[in-house]
Amino acid sequence: MSRPRLGVFKLTSCDGCQLTLLDLEDELLAIAAELQIVSFTELSSASDPAGPFDVTLVEGSISTPEQLEHIRAIRERSRVLVAIGACATSGGLQALRNFADHEDFVRAVYARPDTISTLSTSTPVAEHVRVDLELRGCPIDKGQLREVITALLTGRRPNLPSQSVCMQCKAAGQVCVTVARGIPCLGPVTQAGCGALCPRYARGCYGCFGPQAGGNPAALARRLPVLGQDRAEVRRAFRFINAWAEGFREQAEES
């Protein structure tokens with residue numbers, strides 16, 4: 001029986017989520033024994049990008065006309081498509097261009113703006129093609145990635161956290177940075193997955209894993225000014241890594 005075929009592709013991103021796959025190290029060898037990695041340029045130049053693929057991991061947002069065509073072609077060749085990371089699931093940090101005139105950015109950054117081919121927006125993969133599963137984070141958590149790959153190999157549903165970062169703080173016995181130190185924190189409305197990394201080092205959560213389903217960003221937005229943030233700072237808090245994610249985007253517009 002042939003091994004399932006895996007493809008890994010990059011769109012507009014920093015490569016960090018692909019590197020998370022490589023960070024599995026010895027575990028990656030076990031995964032490679034069960035999967036046939038046929039396209040993954042971060043790992044090897046020897047690849048077969050034409051597919052077909054049983055499982056495809058896609059990192060990055062749709063930011064150029066070429067990427068829009070590319071993701072549609074990838075979807076056609078993939079049985080299961082997994083969007084990995086904040087760029088692929090919410091447009092990423094580069095989605096800040098969605099709130100301004102992207103032509104101004106192009107003129108400010110490039111000496112020859114007429115040579116740049118780009119879309120006016122940076123959007124998640126799911127806005128353009130069907131996505132079977134999303135892995136949040138900037139970057140994604142390698143434990144969650146391992147869980148997803150294992151689940152797909154064994155034919156079961158992945159067991160991923162759905163609670164807020166606050167729950168991970170409590171489970172780890174960490175002191176709440178907002179209550180104890182008065183530090184603004186997006187933990188109450190951010191999906192768990194990072195292990196409450198920033199609060200562990202007495203820093204507020206930046207919302208890297210995006211909005212938690214069922215969270216109440218409006219209530220948190222009313223609390224942040226009490227902690228010293230003015231209206232512009234509250235807006236910037238929600239317009240960061242997951243600025244285009246529904247929930248954070250809506251709250252930023254209201255702040």
Side-chain angles (χ1 to χ4, degrees), residues 1-92 94-95 117-119 121-160 193 210 244:
M1 183 177 179
S2 61
R3 291 174 295 166
R5 293 164 58 89
L6 172 69
V8 183
F9 294 94
K10 164 189 164 62
L11 302 172
T12 298
S13 61
C14 71
D15 289 32
C17 292
Q18 292 180 90
L19 290 175
T20 300
L21 178 55
L22 296 178
D23 283 344
L24 289 173
E25 299 177 337
D26 291 346
E27 294 167 302
L28 181 58
L29 298 177
I31 290 171
E34 302 295 329
L35 283 169
Q36 183 182 359
I37 303 176
V38 295
S39 183
F40 186 9
T41 54
E42 192 82 23
L43 175 68
S44 172
S45 59
S47 65
D48 177 17
F53 307 102
D54 293 293
V55 179
T56 302
L57 306 179
V58 178
E59 173 194 84
S61 64
I62 310 299
S63 299
T64 69
E66 292 78 14
Q67 289 172 350
L68 184 54
E69 294 179 7
H70 192 200
I71 194 60
R72 289 169 176 166
I74 290 173
R75 175 68 269 184
E76 290 179 357
R77 302 194 298 265
S78 305
R79 185 174 64 85
V80 175
L81 189 151
V82 183
I84 60 172
C87 295
T89 61
S90 71
Q94 59 270 24
S117 175
T118 182
L119 297 172
T121 57
S122 172
T123 48
V125 173
E127 285 199 13
H128 306 280
V129 299
R130 177 174 56 84
V131 170
D132 299 294
L133 186 67
E134 291 187 341
L135 266 184
R136 307 268 200 92
C138 184
I140 56 174
D141 175 73
K142 69 177 184 179
Q144 289 190 18
L145 178 60
R146 180 179 59 242
E147 164 64 14
V148 165
I149 293 174
T150 302
L152 292 174
L153 284 172
T154 56
R156 62 175 175 81
R157 189 178 185 85
N159 182 20
L160 299 173
W244 200 242

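Quick caveat: nothing in here was measured; it's all calculated off a predicted structure.
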- Message: Testing Arg79, Arg157, Arg75 one by one against Asp132 for a salt bridge (Lys or Arg N to Asp or Glu O under 4.0 Å), which residue passes?
- Response: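 Per the salt bridge (Lys or Arg N to Asp or Glu O under 4.0 Å) rule, the option paired with Asp132 is Arg75, out of Arg79, Arg157, Arg75.
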Measure the shortest side-chain to side-chain distance between [X] and [Y] over non-hydrogen atoms and say whether it is less than 4.5 angstrom.
| X | Y | answer |
| --- | --- | --- |
| Leu35 | Arg3 | no |
| Thr150 | Arg156 | yes |
| Asn159 | Glu147 | yes |
| Thr121 | Trp244 | no |
| Ser13 | Asp15 | yes |
| Val131 | Thr89 | no |
| Val8 | Glu42 | no |
| Leu160 | Val148 | yes |

If you take all heavy atoms of [X] and [Y], which pair is closest and at what distance?
| X | Y | value |
| --- | --- | --- |
| Pro4 | Glu34 | CD-O, 3.3 Å |
| Gln67 | Leu11 | NE2-C, 3.5 Å |
| Thr20 | Pro139 | OG1-CB, 3.8 Å |
| Ser90 | Pro124 | N-CB, 3.6 Å |
| Ser117 | Glu66 | OG-OE2, 3.8 Å |
| Phe53 | Asp48 | CZ-O, 3.5 Å |

- Query: Do side-chain atoms of Arg77 reach the backbone of Pro49 as a donor and acceptor pair under 3.5 angstrom?
  - Reply: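 Pair found, side chain donor or acceptor close to backbone of Pro49.
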In Å and rounded to the nearest 0.5 Å, what is the [atom1] to [atom2] distance from [X] to [Y]?
| X | Y | atom1 | atom2 | answer |
| --- | --- | --- | --- | --- |
| Leu24 | Arg146 | CG | CZ | 6.5 Å |
| Lys10 | Gln18 | NZ | CD | 6.5 Å |
| Cys17 | Arg136 | SG | CZ | 13.0 Å |
| Leu152 | Asp54 | CG | CG | 10.0 Å |
| Leu145 | Leu28 | CG | CG | 9.5 Å |
| Ile62 | Ile71 | CD1 | CD1 | 5.0 Å |

- Task: Give the intermediate values and the outcome of side chain to side chain contact (heavy atoms under 4.5 Å, CB included) for residues Leu21 and Ile84.
- Result: CA-CA 10 Å; Leu21 178 55; Ile84 60 172; over 6 Å; no
- Task: For side chain to side chain contact (heavy atoms under 4.5 Å, CB included), just list the numbers for Phe9 and Thr56, CA-CA rounded to whole Å, side-chain angles, deciding distance to a tenth of an Å, and then say yes or no.
- Result: CA-CA 8 Å; Phe9 294 94; Thr56 302; 3.6 Å; yes
- Message: Side chains of Ser63 and Gln94: any donor to acceptor distance under 3.5 Å?
- Response: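 No - no donor-acceptor pair under 3.5 Å links their side chains.
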